[in-house]
Amino acid sequence: QVQLRESGGGLVQAGGSLRLSCAASGQIFTGYAMGWFRQAPGKAREFVAGRRWIGGSTYYADAVKGRFTISRDIAKNTMFLQMDSLNPDDTAVYYCAAAANDPGSYYYNRYQYDYWGQGTQVTVSS
């Protein structure tokens with residue numbers, strides 16, 4: 001069983017930066033994949049970024065490519081999302097997620113993920 005807890009959300013002005021953290025308790029195995037999703041009011045939950053826990057490539061939604069960076073600290077069992085050049089369209093609740101199996105080509109698919117955090121609010125003011 002894996003438990004995920006996000007932190008680092010808050011209010012920031014457009015053009016600013018935030019760094020989200022996702023601390024995992026329980027065993028994250030080599031083959032796990034991790035992802036960040038977000039959900040704005042009245043909208044569906046959407047993929048933001050993802051990667052394998054060990055090795056592999058990183059994947060980003062077109063809307064955040066070049067502005068957001070996903071990373072992880074294996075020793076601390078923690079995943080990060082560095083968000084730069086934020087704009088009001090990035091306002092949402094951000095969730096981290098873990099998949100027990102590599103989603104392959106489907107990192108963007110929320111149903112590939114087995115574990116979810118409770119979310120952290122990010123608000124970008126104009």
Answer yes or no: is there a donor N or O on one side and an acceptor on the other, between the side chain of Glu6 and the main chain of Gln118, under 3.5 Å? yes
Contact summary for Leu4 and Ala98, nearest pair of heavy atoms: CD1-N, 3.7 Å
For the student: nearest non-hydrogen atoms of Leu81 and Ala49, plus distance: CD1-CB, 4.2 Å
Under 4.5 Å between side-chain heavy atoms, counting indirect links through other Ile/Leu/Val/Met/Phe/Trp/Tyr residues: same cluster for Met79 and Tyr95 or not? no
Quick check: do Leu86 and Phe68 have side-chain heavy atoms less than 4.5 Å from each other? yes
What's the spacing between Arg5 CZ and Ser21 OG if we round to 0.5 Å? 12.5 Å
Tell me, please, whether Phe37 has Arg110 positioned over its six-membered ring: NZ or CZ under 6.0 Å from the ring centre and within 45 degrees of its axis? no
From Asp114 CG over to Gln1 CD, what is the distance, rounded to the nearest 0.5 angstrom? 10.0 Å
Side chains of Tyr111 and Tyr106 in contact at under 4.5 Å (non-hydrogen atoms): no
Side-chain heavy atoms nearer than 4.5 Å, only ILVMFWY residues, links allowed to pass through others: does that put Phe80 and Ile74 together? no
CE-OG1 distance between Met83 and Thr69, expressed to the nearest 0.5 angstrom: 11.0 Å
Please work out which of the three classes, parallel, tilted or perpendicular, describes the rings of Tyr115 and Tyr32, given edges at 30° and 60°. parallel
Side chains of Val64 and Arg38 in contact at under 4.5 Å (non-hydrogen atoms): yes
Starting at CZ of Arg72, measure out to OG1 of Thr78 and round the result to the nearest 0.5 Å. 11.5 Å
Kindly compute the distance separating CG (Leu20) from CH2 (Trp36), expressed to the nearest 0.5 Å. 4.5 Å
Answer yes or no: is there a side-chain heavy-atom contact under 4.5 Å between Trp116 and Arg45? yes
Backbone of Tyr107 reached by a side-chain donor or acceptor of Tyr113 within 3.5 Å: yes
Show me the side-chain donor-acceptor pairs of residues 119-126 shorter than 3.5 Å, one per line, residues at least two apart or across chains.
unit_1	atom_1	unit_2	atom_2	d
Thr120	OG1	Gly9	N	3.2
Gln121	NE2	Ala92	O	3.4
Gln121	NE2	Thr123	OG1	3.3

Which donor-acceptor pairs under 3.5 Å do side chains of residues 51-63 form with protein atoms, sequence neighbours excluded?
unit_1	atom_1	unit_2	atom_2	d
Arg51	NH2	Gly55	O	3.4
Tyr60	OH	Ile70	N	2.9
Asp62	OD1	Lys65	NZ	3.2

Quick one: does Arg67's side chain get under 4.5 Å of Asn87's, heavy atoms only? yes
Within one Ile-Leu-Val-Met-Phe-Trp-Tyr cluster: Met34 and Val2, side-chain cutoff 4.5 Å: yes
